[in-house]
2 protein chains.
Amino acid sequence: MHTQTHQARTKTYHHGDLHNSLILKGLEMLNDRGLSAISLREIARNIGVGHNAPYRHFKNKQQLLEAIASMGFRRLKAYNLRLELEYANDPETQLFESAMHLINMANDEPNLFNLMFGGNVSLFDCGDELKKESQASMQSFIKILSQGQKQDVFNQDNLICQTLATMSLIYGFAMMTSSGMLQEIPKTPDQMRGFTLQVFDILLTGLKKT
Amino acid sequence: MHTQTHQARTKTYHHGDLHNSLILKGLEMLNDRGLSAISLREIARNIGVGHNAPYRHFKNKQQLLEAIASMGFRRLKAYNLRLELEYANDPETQLFESAMHLINMANDEPNLFNLMFGGNVSLFDCGDELKKESQASMQSFIKILSQGQKQDVFNQDNLICQTLATMSLIYGFAMMTSSGMLQEIPKTPDQMRGFTLQVFDILLTGLKKT
DNA sequence: TGTATATGTGGACGCTGTCCACATGACTCA
DNA sequence: TGAGTCATGTGGACAGCGTCCACATATACA
């Protein structure tokens, strides 16, 4: 069901692609039931494999969660890469669409978003894979803002500070709209987009005026 | 140890202030070991009470976590109230010091911060107490910004959008500095303050220029 | 072809959250 | 003061969990 390679195989003693199946089924169950409701054993059960099989692919439960989070970061990176090509000379649009995508993700897959950014996997004490992927996020923002500075779309203030302000606002806004901290936020995608645009405008003013 | 009332009591069958002791010991252990490492039973054990006693005060583990988060929000509110008095006619300073306080909290007590904002307690599906406290946060920002508009310190744009932009930036920055997503961030309080000031300036520009 | 290695299995252990029946002590009111 | 009620404590039980171990099976490579 999850991957073609898996489905194509006949039922054998060996699963064939358990590593990826665990990540995908884990993500599916994470989105459905939330972090506190999923267990390694149930994921294994849902895949149809013994409760110890996952330990051949992940040292422990935490490492599977890290792998799921890594996949989330990789998805973000892939989307940002598309934006980079689609709006090659328009850093402002790149920034906004990237923000919009993160906000949509926070609202469509809040449990994945919280896993990635809510401290449930430590970005300090985690495997190299997740470390690399999470820090690549920042690089992509630096890249966009740097391009914006070169094109004089943004002012020439400290690049790192601009990056931090931008990411902070985007991640914070995503968190707030998905966390339930706000009562009055409109819920249709169009309204959300309009709202985000207004909030984003305040940041842009700060990035532009010198 | 936790409260005077508790310490003053002689050892009896009844504890005397178990409700508050659970919250305080729970917070202490949360800060020490992290969310995933604490259990109701161990908290009870540390207090010196049977493993079922907590159920007389909280319906389940989740409700104790909610109570701990509520206390976190109440602390923020108390601090903001002090700022409101100390800098009565200076909304800009109120805003910055409030931000600085949240950032310090995110770095000093990251596990509490993550409990409050990381989706580990749902702000949708939680008790009235936590709902009230979490939404009061937003009210205090609205208040500051509204005052700023009246005093012409900030421009007259949509108040809610200004509030959202402000809170998003602050919460997002707090999250980023405490999560390990950043590698290069200076760690001493002074450096952190200087850094925050620069990032904050970008927001302020957006709030001021019309 | 035979054997090392990767990947699967089931059993065991201690811990957990939660339910239950029961014990104890504090408070109320005759 | 004394009886009874209610809030608050106790220990036992249970299923589910993460993880460790020894063992089984399939694959890859000599």
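Bear in mind that the values here come from a model prediction, so they are computed numbers and not experimental data. Letters A, B, ... are given to chains in the order of the sequence lines, protein chains preceding strands, and every chain is numbered from 1.
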*Asks:* Nearest-nucleotide wise, let me know which of B/Gly50 and A/Lys59 is further upstream toward the 5' end of DNA chain D.
*Replies:* B/Gly50
*Asks:* Show me the pairs that pass ring pair (Phe, Tyr, Trp, His ring centres under 6.0 Å) and involve residues 21-47 of chain B, at least two apart or across chains.
*Replies:* none
*Asks:* Once side-chain hydrogen bond (donor to acceptor under 3.5 Å, both in side chains) is applied, do any residues pair with A/Glu92, and if so which ones, sequence neighbours excluded?
*Replies:* A/Lys208
*Asks:* Mind checking the CG-NE2 spacing from A/Leu24 to A/His19? Nearest 0.5 Å is all I need.
*Replies:* 10.0 Å
*Asks:* Just how far, in rounded Å, is C1' of C/dT18 from CZ of B/Phe58?
*Replies:* 16 Å
*Asks:* CG of B/Leu64 versus P of C/dT18: gap in Å, rounded?
*Replies:* 11 Å
*Asks:* Rounded off to whole Å, could you give me the NE2-to-C1' distance for the A/His57 and C/dT9 pair?
*Replies:* 13 Å
*Asks:* Hey, what are the protein-to-nucleotides 21-26 of chain C N/O distances that come in under 3.5 Å?
*Replies:*
from	atom 1	to	atom 2	distance (Å)
C/dA23	N3	B/Tyr13	OH	3.2

*Asks:* Nearest to the side chain of A/Tyr55 - C/dT18, C/dT9, D/dG18?
*Replies:* D/dG18
*Asks:* Can you find a side chain N or O atom of A/His51 that sits less than 4.0 Å from OP1 or OP2 on C/dG11?
*Replies:* no
*Asks:* Is it the case that the ring center of B/Phe117 lies less than 6.0 angstrom away from the ring center of A/Phe117?
*Replies:* no
*Asks:* Listed by chain and number, what are the side chain to side chain contact (heavy atoms under 4.5 Å, CB included) partners of B/Thr177, not counting sequence neighbours?
*Replies:* B/Ile103, B/Asn107, B/Phe173, B/Leu182, B/Met192
*Asks:* Assess, by modelled atom type and distance only, whether the side chains of A/Asp17 and A/Asn20 contain a donor and an acceptor separated by less than 3.5 Å.
*Replies:* yes
*Asks:* Kindly assign one of parallel, tilted or perpendicular to the pair A/Tyr79 and A/His101, based on the angle between their ring planes and the thresholds 30° and 60°.
*Replies:* parallel
*Asks:* State which residues pass side-chain hydrogen bond (donor to acceptor under 3.5 Å, both in side chains) with A/Gln198; sequence neighbours excluded, sorted by chain then number.
*Replies:* none
*Asks:* Give the rounded distance in Å between these two atoms: NE2 of A/His15 and P of D/dA24.
*Replies:* 23 Å
*Asks:* Assess whether a salt bridge exists between A/Arg74 and A/Glu129, defined as any Lys/Arg side-chain N lying under 4.0 Å from an Asp/Glu carboxylate O.
*Replies:* yes
*Asks:* Could you run down the sub-3.5 Å N/O contacts of the protein with nucleotides 14-17 of chain D?
*Replies:*
from	atom 1	to	atom 2	distance (Å)
D/dC17	OP1	A/Ser39	OG	2.9
D/dC17	OP2	A/Arg45	NH2	2.6

*Asks:* In whole angstroms, how far is the C1' atom of D/dT19 from the CD atom of A/Gln63?
*Replies:* 14 Å
*Asks:* Starting at CG of A/Leu22 and ending at C1' of C/dG8, how long is that distance when rounded to a whole Å?
*Replies:* 12 Å
